[in-house]
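One structure below.
Letters A, B, ... are given to chains in the order of the sequence lines, protein chains preceding strands, and every chain is numbered from 1. This is a predicted model, so every value here is computed, not measured.
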Amino acid sequence: MFVRRPYLGELEIAVMEHLWAVEDADAKALHRQLGTPRDISVNTIQSTAERLYKKGLLSREKVSHAYVYSSAVTRERLMGEMIDNVVDKLSGGSTEAMLSTFVDLAERVEVNTLDRLAELIAERRGKR
Amino acid sequence: MVGVVAGGGLALLYPLFRPGLLTRQPRQRANALLGWAVAPACLGLFFTTLLFVPSILNRLGIPAGHCHNHAERLPHICLTNPLISGSEISLWNLVAAFSLFLACFWAAQGAQLHKLARLKSALRCAKEKTGTNHSLIPWGTPAAITVGFWTPKIFVSKSLAQSLLPGQLQVILAHEQAHVRYRDPLLQSLAQALSALYLAQPRRRLLDDLALATEQACDEEAAQKIGDRLLVAETIVAVERLLHRSQRNLAPLVVGFVGNNSALRIEALLADGEYSEPSFPDWLLLSPPLAVTHLVMPGPLHYLSELIIRH
């Protein structure tokens with residue numbers, strides 16, 4: 001299934017995290033766990049779940065009069081997509097200089113150069 | 001104007017100092033390059049502030065200068081009776097142009113900071129397991145990222161952690177912890193923000209040299225902590241190979257001017273940390289911009305000296 005690359009809000013993440021933990025829940029159950037501590041209404045929780053459903057992140061099934069929601073993507077996949085999405089938006093700017101990566105994510109050393117350097121390192125190890 | 005002149009002067013002088021700088025111990029080099037990068041903007045801001053000093057002192061009831069004749073001839077902006085003389089109007093225009101340029105530049109930097117905040121938020125949200133000093137994130141790209149200014153955090157992708165040997169992972173963590181200890185993301189951001197008065201090409205070269213110095217400094221720290229320089233070099237090669245094999249087609253995050261740093265870092269590690277002792281003290285690096293600005297605007301420095309001596 002195609003998943004849009006989302007940037008999720010705090011409540012959306014909380015709903016997803018809860019559904020990954022309990023597998024499925026309806027709006028009232030979600031509200032008991034997430035809405036009451038935050039002092040927000042069932043309607044807010046319901047619309048958050050609907051939004052996630054429309055984004056393709058939740059699936060739903062009608063049970064009696066209520067929808068029961070469950071996650072449509074794994075946590076690993078969604079989080080990987082989220083990071084990809086943000087990193088893509090850093091492209092072309094100077095943001096990369098404001099964070100530190102062990103090796104530059106954008107610029108690759110030629111394979112031939114890598115082989116030459118690996119040989120030099122092995123040679124140096126051999127001399128020890 | 002002083003900042004622009006200093007930026008131009010430093011850009012011209014940098015190729016002369018660069019060979020000597022590149023042989024220096026990396027952390028010293030990074031500090032010197034940071035000073036070099038921010039000097040023009042700092043001088044520009046300093047002299048702009050100085051334009052307002054006589055007026056502010058006057059409002060506070062403090063005599064504006066030791067020598068009245070000199071103080072009157074000093075170009076300054078009067079806040080009490082603005083825009084009286086022609087020279088003041090041109091000073092206001094200069095200040096306005098300078099402020100507009102910096103505002104535009106810093107607005108662009110602010111947009112980048114906003115993206116960075118989103119990245120940090122996404123990484124925090126995605127983290128699965130937290131070790132003692134790093135977090136694991138479910139990301140397909142084999143990467144270790146340190147992000148944040150005051151309290152930088154280290155995030156290691158699971159794909160990287162699972163692909164490397166335990167010793168290599170320790171190297172990466174030691175390297176990133178060095179970034180955290182020296183608050184390198186903050187310093188790099190300052191260099192980005194305050195190098196506004198250089199032309200694009202010298203600025204790119206200066207910032208690339210600073211990035212290389214910072215990475216090499218952290219490599220040296222990691223080598224010292226792990227006790228094996230070759231393992232650090234092997235880890236860089238291993239991560240480069242992983243990124244080559246990575247399925248993800250990364251959009252270019254940066255257009256490099258001096259090329260990739262990894263090869264230079266490995267070569268420096270193989271050179272057994274042979275760096276030359278500085279042949280001149282670091283503060284001497286800042287003497288060219290000071291000399292240039294004194295030649296361009298002797299009045300304000302003379303005036304400031306008088307003020308300090310008097311009070």
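- Arg124(A) and Glu234(B) are not joined by a salt bridge, as no carboxylate oxygen comes within less than 4.0 angstrom of a charged side-chain nitrogen.
- Using a 4.5 Å cut-off on side-chain heavy atoms (C-beta onward), Leu114(A) and Arg241(B) make contact.
- The 12-atom threshold is exceeded at CD1 of Ile40(A), counting heavy atoms of other residues, nucleotides or ligands nearer than 6.0 Å.
- Here the closest heavy-atom approach between residue Val237(B) and residue Ala118(A) is recorded as CG1-CB, 4.3 Å.
- The OG atom of Ser121(B) lies 10.0 Å from the CG atom of Leu8(A); values are rounded to the nearest 0.5 Å.
- Taking 4.5 Å as the limit, every side-chain heavy atom of Val111(A) sits out of range of all side-chain heavy atoms of Glu240(B).
- In this structure, the side chains of Lys127(B) and Met79(A) stay at 4.5 Å or more apart for every pair of heavy atoms.
- Arg32(A) pairs by the side chain to side chain donor-acceptor pair (under 3.5 Å) definition with nothing, not counting sequence neighbours.
- Contact annotation for Leu231(B): both backbone and side-chain heavy atoms come within less than 4.5 Å of a heavy atom of chain A.
- Contacts of Ala211(B) with chain A are absent, with no heavy-atom separation under 4.5 Å from either backbone or side chain.
- Between Glu17(A) and Cys125(B), the shortest heavy-atom distance links the atoms OE2-O, 4.1 Å.
- Put simply, the side chain of Ile83(A) does not reach to within 4.5 Å of the side chain of Phe155(B), judged on heavy atoms.
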Could you walk me through whether Ile266(B) and Arg116(A) pass the side chain to side chain contact (heavy atoms under 4.5 Å, CB included) check? CA-CA 11 Å; Ile266(B) 293 168; Arg116(A) 179 181 62 81; over 6 Å; no
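- Residue-environment remark: CD (Gln224(B)) stays at or below the threshold of 12 foreign heavy atoms within 6.0 Å.
- Looking at Met82(A) and Leu119(B), their side chains never come closer than 4.5 Å, going by heavy atoms from C-beta outward.
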